[in-house]
Amino acid sequence: MDAEAIKQSFEASRLRCTPQRYAVMAFLMEHTEHPTAAEIFKAVNRVDPRSSRATTYNNLRDMVRAGLVREVAVEGRAARFDAKGMRHHHFICDRCGNVEDMEWYDVPRPALGSLGKRILRECELIFRGLCTKCARRRASR
Ligand SMILES: [Zn+2]
Ligand SMILES: [Zn+2]
């Protein structure tokens with residue numbers, strides 16, 4: 001994992017790179033399985049026991065707003081996070097709730113008229129179904 005790349009991404013997004021934000025980013029870049037805020041806090045706290053839960057959650061929110069981190073909303077479960085990097089879509093498993101990355105391809109934008117006065121930031125897909133593991137479990141039954 002490249003420390004310089006992390007610092008540069010903070011600079012590019014005009015967000016100050018505090019040690020705690022750095023720790024959040026480093027953890028997210030190493031753990032691509034879309035951890036929850038609670039998991040991120042636990043990991044950051046292990047490195048720096050002074051960081052509070054509130055600070056970690058605030059940092060996460062700031063980083064999402066700055067576009068450094070992506071929040072993947074999963075209904076009925078805690079939100080998951082990933083360090084943006086390459087654009088990608090997501091596959092969410094109905095059974096185990098796993099969030100997996102899917103290769104990016106461009107998605108058609110909605111017709112202008114249907115947006116009204118809304119300002120569109122991004123168009124991405126969420127695929128739903130059974131992940132490889134759960135699909136295999138079902139097939140073997
Ligand atoms: Zn699954
Ligand atoms: Zn992802």
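It should be emphasised that the depicted structure is a prediction, and the values quoted were computed from it without experimental measurement. When a ligand or atom number is given, it counts from 1 through the structure's own listing order.
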Quiz item: W104 versus H89: any side-chain heavy-atom pair under 4.5 Å?
Solution: yes

Rounded to 10°, the SG/C134 to the Zn ion (ligand 1) to SG/C131 angle comes out at 110°

The reported gap from CZ in F81 to OG1 in T36 (rounded to nearest 0.5 angstrom) is 8.0 Å

Exercise for the section: Indicate whether the side chain of H34 and that of N98 have a donor and an acceptor atom separated by less than 3.5 Å. Expected result: no

To the Zn ion (ligand 2), the closest N, O or S atom belonging to D101 is OD1

To the nearest 0.5 Å, atom CD of E124 lies from atom OH of Y105 at 12.0 Å

Taking the Zn ion (ligand 2) as the apex, H88 NE2 and D82 OD2 span an angle, rounded to 10°, of 90°

